[in-house]
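Each ligand, and each atom within it, is numbered from 1 in the order the structure gives. It should be emphasised that the depicted structure is a prediction, and the values quoted were computed from it without experimental measurement.
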Amino acid sequence: MDVQSSNMKKPLRVMKFGGTSLGDPTCIRKVVEIVCDAARDSRLIVVVSAMSGVTNRLIEAAKHSEAGNRDAVRAIFENLRERHNAVVSTLIHSIPRRNRINRELKEIQEEGERLCQGTTCLRELTSRANDSISSLGERLSAPLVAAALAECGVDAEAISAMELVVTDSSHGCADPLMEHTRERCASRLLPLLRRGVVPVITGFIGATLAGVLTTLGRGGSDYSATILGEALEADEVVIWTDVNGLMTADPRSVPDATTIAEISHREAAELAHFGAKVLHPKSLRPVTRCAIPLSIRNTFAPERPGTRVTPTGPSKDGVKGLTAMSDVALVTVSGLGMIGAPEVLSHTFATTAAVRAGLLLISQSSSQNDICLVIPSSAAERLVQALRGEFAHDPAHEKAMHITFDPNVAMITVVGKHMRGSDAVGRTFAALDRKNINIVAIAQGSSESNISFVVPKMDAKAALNAVHQEFDLGAPHSRTIPVGSVAVSPAAWQYEPAQRTANAD
Ligand code: ADP
Ligand code: ASP
Ligand code: MG
């Protein structure tokens with residue numbers, strides 16, 4: 001068998017490294033070790049985020065440009081140059097390679113500065129320009145990681161996902177057009193994989209059919225990885241990050257949180273949708289469609305097994321994890337006249353859809369006096385204005401007399417399998433009651449896999465810890481260990497804070 005055919009027999013793995021794995025030259029060295037090791041027995045597609053903190057800085061630069069703060073923009077680009085140059089000087093030793101990468105990085109940085117200058121001239125930040133500026137971090141990190149891999153003898157090629165991921169034109173939250181994406185991936189990537197080359201692809205980015213750059217939303221590199229996994233029918237997608245896997249809760253809020261050994265696509269999707277930052281909210285969609293297993297592993301502890309996300313997960317029912325979202329607002333439409341007026345409901349939902357305020361929770365009192373909606377805080381004012389406008393022009397407006405919003409709330413979600421009819425609801429609320437935590441609104445998903453409730457923002461952490469303790473999620477014996485798997489020592493479940501930089505993005 002020739003080399004190319006034997007390459008194509010190896011399993012195909014998409015490996016995504018987040019910003020937390022690309023914080024500095026030491027972190028990038030770890031990434032290179034993981035890729036070198038995996039490249040021995042797999043065909044690999046590497047997807048990279050921007051170095052940690054870079055996307056936040058770029059978004060700040062975009063805002064400063066719009067406000068005309070040229071000095072602030074200059075300072076941000078200077079800092080980005082220093083950070084990327086430090087990686088080049090530490091990891092890239094070959095002079096021709098170093099010259100080439102320096103040239104490439106310079107061109108991308110200059111393009112970014114020109115985009116910011118254009119924004120300053122117009123004093124307008126369009127969603128298109130915002131996407132172009134915020135995507136620069138991935139465009140810088142992909143050639144950098146490819147060059148670092150080449151230094152270690154891996155045949156790697158940096159590729160912009162603009163060539164591969166075809167999206168709709170929803171700037172800032174684009175979705176893939178899979179037919180086109182599949183075709184592009186096959187024609188561009190399969191020949192490289194056949195030759196044993198490792199493509200290093202920019203996460204977060206796509207382009208419309210007309211070639212206009214789009215982004216997939218904050219944290220979108222996870223989504224990029226699973227989109228590419230689906231497009232290429234990969235054998236596995238691995239999300240490399242700074243914790244030991246998908247955990248029973250965010251370890252920053254629940255110190256007791258432990259790694260989940262295995263979980264179903266469905267449950268992981270619920271955790272991601274309701275705020276587990278380790279996975280982009282939409283990232284499970286592509287792998288669920290194709291039943292592709294996904295793993296979440298720690299770049300700084302690659303010997304750990306991490307979490308396996310499989311189509312059905314282990315057979316165990318019950319609560320698996322908790323999430324909290326504090327960047328939300330509770331919008332209430334209320335009034336005695338709402339009783340028996342279904343048009344108030346339909347107008348409320350139509351308006352919510354029209355202003356694209358992503359609904360996270362809906363709850364209506366049985367007296368029908370009010371309806372509560374939980375939405376991201378960024379959409380709260382927009383929705384309240386739109387609802388007030390909608391009802392002011394509607395003959396039914398007197399029926400919905402008060403439209404208010406409360407930004408001081410958090411939404412907590414309990415995720416598990418087959419929870420309807422179990423004691424999960426009773427135990428959750430009993431645990432909150434014992435801590436005197438007031439519940440503002442409640443919703444149970446008909447899917448039986450989630451229960452969400454709203455609490456005052458200041459009580460969110462106490463609520464999370466109370467429910468986590470109630471379901472014994474921190475204790476090793478309650479872990480969902482797959483049937484037939486070997487016993488795992490309690491130490492393997494502990495959370496070890498990795499070399500985490502202050503601002504992950
Ligand atoms: P990356 O840069 O690798 O994309 P992120 O910062 O986006 O990393 O996501 C990893 C972080 O997600 C972790 O450091 C952790 O604090 C946070 N997180 C929130 N919820 C969870 C959870 N349920 N399991 C694991 N990590 C979580
Ligand atoms: N760099 C992008 C962000 O910070 C995408 C990602 O990290 O996944 O949102
Ligand atoms: Mg992330």
(request) Compute the minimum heavy-atom distance from Gly203 to ligand 2 and say whether it is under 4.0 Å. (result) no
(request) Quick one: closest heavy-atom pair of Ile260 and Leu271, and the distance? (result) CD1-CD1, 4.4 Å
(request) Run the numbers for me: atoms of ligand 1, each under 4.0 Å from some heavy atom of Val243, listed by number. (result) 13 (C), 14 (O), 25 (C), 26 (N)
(message) Polar contacts were defined as any N/O atom of the residue lying under 3.5 Å from an N/O atom of the ligand; does this apply to Gly219 and ligand 2?
(response) yes
(request) Enumerate the atoms of ligand 2 whose separation from the nearest heavy atom of Phe204 is less than 4.0 angstrom. (result) 2 (C), 5 (C)
(request) Please determine if Thr55 has a nitrogen or oxygen closer than 3.5 Å to a nitrogen or oxygen of ligand 2. (result) yes
(request) Please indicate whether any nitrogen or oxygen in Thr248 is less than 3.5 Å from any nitrogen or oxygen in ligand 1. (result) no
(request) Using distance alone, decide if ligand 2 has a nitrogen or oxygen within less than 3.5 Å of any nitrogen or oxygen in Lys16. (result) no
(message) Using a 3.5 Å distance criterion without hydrogens, assess whether the side chain of Thr119 forms a donor-acceptor pair with backbone atoms of Leu115.
(response) yes
(message) Within the structure, is a non-hydrogen atom of Leu271 found at a distance of less than 4.0 Å from ligand 1?
(response) no
(message) Determine whether a donor-acceptor pair (N or O, by modelled atom type, separation under 3.5 Å) exists between the side chain of Thr226 and the backbone of Ser283.
(response) yes
(request) Return yes or no for this condition: an N or O of Asp222 is under 3.5 Å from an N or O of ligand 1. (result) no
(message) Does ligand 1 come near enough to Ala276 that some N or O of the ligand is less than 3.5 Å from an N or O of the residue?
(response) no
(request) Would you check if the side chain of Asn465 reaches a backbone N or O of Ser253 as a donor-acceptor pair within less than 3.5 Å? (result) yes
(message) If you measure every N or O of Ser21 against every N or O of ligand 1, does any of those distances drop under 3.5 Å?
(response) no
(message) Under 4.0 Å from a heavy atom of Thr20: which atoms of ligand 1 are those, numbered in the order shown and with their elements?
(response) 1 (P), 2 (O), 3 (O), 6 (O), 8 (O)
(message) I'd like to check which ligand 2 atoms, numbered from 1 as shown, lie under 4.0 Å from a non-hydrogen atom of Ser49.
(response) 6 (C), 7 (O), 8 (O)
(message) Ignoring hydrogens, what is the shortest heavy-atom contact between Cys290 and Glu230? Give both atom names and the distance.
(response) SG-CG, 3.3 Å
(message) With a 4.0 Å cut-off on heavy atoms, is His280 in contact with ligand 2?
(response) no
(request) May I ask you to list the atoms of ligand 1 that are less than 4.0 angstrom from any heavy atom of Thr241? (result) 1 (P), 3 (O), 8 (O), 10 (C)
(request) Say whether, by atom type as modelled, one donor and one acceptor occur between the side chain of Asn450 and the main chain of Val415 under 3.5 angstrom. (result) no
(request) Ignoring hydrogens and angles, state whether a donor on the side chain of Ser295 or Glu236 is under 3.5 Å from an acceptor on the partner side chain. (result) yes
(message) Show me which atoms of ligand 2 lie under 4.0 Å from any heavy atom of Glu138.
(response) 1 (N), 2 (C), 5 (C)
(request) Using only heavy-atom distances, determine whether the side chains of Thr202 and Arg139 contain a donor-acceptor pair under 3.5 Å. (result) no
(message) Does the residue Gly137 have a heavy-atom contact with ligand 2, meaning some pair of atoms that are separated by less than 4.0 Å?
(response) no
(message) Any side-chain to backbone donor/acceptor pair from Ser221 onto Gly18? Under 3.5 Å, distance only.
(response) no
(request) Examine the proximity of ligand 2 to Ser221 and report which part, side chain or backbone, both or neither, has a heavy atom under 4.0 Å away. (result) both
(request) Output yes when a side-chain donor or acceptor of Lys461 lies under 3.5 Å from a complementary backbone atom of Lys457, and no otherwise. (result) no
(message) Given 3.5 Å as the limit, does a donor-acceptor pair link the side chain of Ser377 with the main chain of Val328, or not?
(response) yes
(message) Which label fits Tyr223 and His280: parallel for a plane angle under 30°, tilted from 30 to 60°, or perpendicular past 60°?
(response) parallel
(message) Contact between ligand 1 and Gly245 is defined here as a heavy atom of the residue under 4.0 Å from a ligand atom; is it met?
(response) yes
(request) Select one of side chain, backbone, both or neither to describe which atoms of His280 lie under 4.0 Å from any atom of ligand 1, heavy atoms only. (result) neither
(request) Compute the shortest N/O to N/O distance between Met247 and ligand 1 and return yes if it is under 3.5 Å, no if not. (result) yes
